[in-house]
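Excluded from the calculations below are hydrogen atoms, water molecules and symmetry mates; all remaining heavy atoms, backbone and side chain alike, are included. The sequence lines fix the lettering, A, B, ..., with proteins before strands; numbering per chain opens at 1.
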Amino acid sequence: MPRDFYRQGTLTVARSLLDCILVHDSPEGLLAGRITETEAYTHDDPACHAFRGQTARNATMFGPPGHAYIYFTYGMHHCFNAVTAPEGRGEAVLIRALEPLAGLELMQRRRGPAAAALSLSSDSEAARIRLGRALCGGPGKLCQAFGLNRALNGTDLTEQGRLWIAAAPDGPPDAAAIVATPRIGIAQGVELPWRFYRRDEPYISRK
DNA sequence: ATCTCGATAGTCT
DNA sequence: GACTATCGAGATC
């Protein structure tokens, strides 16, 4: 997606990223997934890392839009965001889940024995969904599956280099097809309905 | 299906 | 020294 896509306003970007394709041309292989669940974080939102000002950790959030903000949390997980606000402002969209499309075998290896034990041949629709959610059904899971870490923090997502986001093949979902709910795992700003996914989307982190 | 809890280390007060 | 934009295991219903 071009730079201007990320300048539409964080809430709009969060909805418009649904169905877009995240691609990682990693040294071990090409990985791709359809974005199925997002959350918006704005500068005046107490749950946003940028709310209390710029620090070394959140610096890329204050940089130009269209770049990756990847941080480490809970001592063992990474989270991947797309920076949205104009420079100096500190806003981003958290990618919470994907439907894996390419590189599933590599994702299984990265996700560990439990995920690797699941059948890769899509015996049934239910089995495919189970596998997809085990691989990329959560912000920490998808980072592990894709091999995303702080080394990729700040990557420009608008050019096809190592990590980028491609347009939704059939365009973004209709507004009427998108559900908005409170965000997951936060202590402040719990009332804001800034988590988005398609109605009837099976590839989400949780209900 | 839903819950409670522990792991684990970087960040900020 | 407290907190964390999480995950998975184990208990419970």
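Remark: A:Glu105 CD is loosely packed, at most 12 non-hydrogen atoms of other residues, nucleotides or ligands lying under 6.0 Å away.
Distance, A:Tyr69 OH to B:dT11 P: 10 Å, rounded to whole Å. Look at CG on A:Leu148: it is 15 Å from C1' on C:dT6, rounded to the nearest Å. Rounding to whole angstrom units, CZ of residue A:Phe51 and P of C:dT4 are separated by 14 Å. Spacing between atom CZ of A:Arg195 and atom C1' of C:dT6 amounts to 14 Å, rounded to whole angstrom units. Remark: C1' of C:dC7 and CZ of A:Arg133 are 14 Å apart, rounded to the nearest angstrom. Look at OH on A:Tyr74: it is 14 Å from C1' on C:dG8, rounded to the nearest Å. To the nearest angstrom, P of B:dT8 lies 11 Å from NE2 of A:His77. Taking atom CG of residue A:Asn81 and atom C1' of nucleotide C:dT6, one finds them 14 Å apart after rounding to whole Å.
Residue A:Gly75 is classed as a base contact, given a heavy-atom separation below 4.0 Å to a base. At the heavy-atom level, A:Arg52 lies nowhere under 4.0 Å from the strands shown. The residue A:Arg150 sits close only to the backbone: its heavy atoms come under 4.0 Å of sugar-phosphate atoms, none of a base. Among the atoms of the strands shown, only primed sugar atoms or phosphate atoms (P, OP1, OP2) are found under 4.0 Å from some heavy atom of A:Ile186.
Of the candidates B:dA9, C:dC7, C:dA5, the closest approach to any side-chain atom of A:Phe72 belongs to B:dA9. Here the side chain of A:Met61 is nearest to one of B:dC12, C:dA5, C:dC7, namely C:dA5. Picking from B:dG10, C:dT4, B:dC12 the nucleotide with the shortest atom distance to the side chain of A:Thr73 gives C:dT4. Taking the side chain of A:Met76 as heavy atoms from C-beta on, and the options B:dT8, B:dG10, C:dT6, the nearest nucleotide is B:dT8. Of the listed nucleotides (B:dC12, B:dG10, C:dG8), B:dC12 has the atom at the smallest distance from the side chain of A:Thr55.
Residues A:Ser26 and A:Phe146 form no side-chain contact, since every pair of their non-hydrogen atoms from C-beta on lies 4.5 Å or further apart. Side-chain contact between A:Leu163 and A:Leu157 is present, with at least one heavy-atom pair separated by less than 4.5 Å.
One donor-acceptor pair, N or O on each side, does fall under 3.5 Å between the base of C:dA5 and the side chain of A:Tyr71.
Listed pair A:Lys207 / B:dA1 fails the phosphate criterion, with no side-chain N or O lying under 4.0 Å from OP1 or OP2. Look at A:Arg57 and you won't find any side-chain N or O under 4.0 angstrom from OP1 or OP2 of C:dC3.
When both distances must be under 3.5 Å, the Watson-Crick or G-U wobble mate of C:dA5 does not exist.
Between A:Ser205 and A:Gln188, the residue anchored closer to the 5' end of DNA chain C is A:Gln188, taking for each the nucleotide with the nearest heavy atom.
For the residue pair A:Glu39 and A:Tyr41, a side-chain donor N or O sits within less than 3.5 Å of a side-chain acceptor on the partner. Checked by atom type, the side-chain pair A:Arg110/A:Gln144 shows no donor-acceptor distance below 3.5 Å.
A:Tyr71 and A:His49 have their aromatic ring centers within a separation under 6.0 angstrom.
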